[in-house]
Amino acid sequence: VMVLSAAAAFATQGSAGSNFAPEYGYISTNPNMPCAERVECDDSGNIACTALVGGVLHTAYGKVNPSDTWCTKPLFQKRIN
């Protein structure tokens, strides 16, 4: 039953009518290596995308252009429909 529930959740996640666009966000845990850790975020929403690394909560930011060194684009928590 539990496996079936998980499969149903994934099946409905990308259904027609969903209006979110998943996007990779990055966190900087080391000032010398910006955007080093990649996390899954969303391009719209109300709550900032965050990731817990080493017991510290970091805000994730996206890249405006894929070749950017710095991550400055605000991103939001990934929604599950």
Side-chain angles (χ1 to χ4, degrees):
V1 173
M2 197 166 174
V3 174
L4 184 57
S5 299
F10 284 112
T12 59
Q13 198 168 11
S15 63
S18 58
N19 57 358
F20 70 93
E23 186 170 332
Y24 285 119
Y26 301 86
I27 59 171
S28 300
T29 56
N30 178 343
N32 296 322
M33 296 176 60
C35 310
E37 302 279 334
R38 187 168 78 171
V39 296
E40 290 187 20
C41 300
D42 198 331
D43 69 346
S44 64
N46 296 324
I47 302 171
C49 185
T50 58
L52 189 63
V53 177
V56 178
L57 191 64
H58 297 271
T59 301
Y61 294 93
K63 294 182 177 185
V64 176
N65 296 304
S67 61
D68 287 350
T69 303
W70 294 97
C71 303
T72 58
K73 181 180 177 182
L75 293 176
F76 305 91
Q77 282 186 0
K78 187 176 174 183
R79 288 182 274 186
I80 299 174
N81 293 347

Spacing of CG belonging to D42 relative to CG belonging to L75, to within rounding of 0.5 Å: 8.5 Å
Least distance between heavy atoms, S28 atom then P34 atom: OG-CA, 3.3 Å
Distance (rounded to the nearest 0.5 Å) between K63 NZ and T72 OG1: 11.0 Å
C49 and its side-chain contact (heavy atoms from CB on, under 4.5 Å) partner, picked from V39, I27, D43: V39
Rounded distance [0.5 Å steps], SG in C35 versus OH in Y61: 11.0 Å
S67 backbone acceptor or donor facing N65 side chain under 3.5 Å: no
Salt bridge flag under 4.0 Å for residues K78 and E23: no
Heavy-atom side-chain contact between T50 and H58 under 4.5 Å: no
Cation-pi, Y24 ring and R38 (6.0 angstrom, 45 degrees): yes
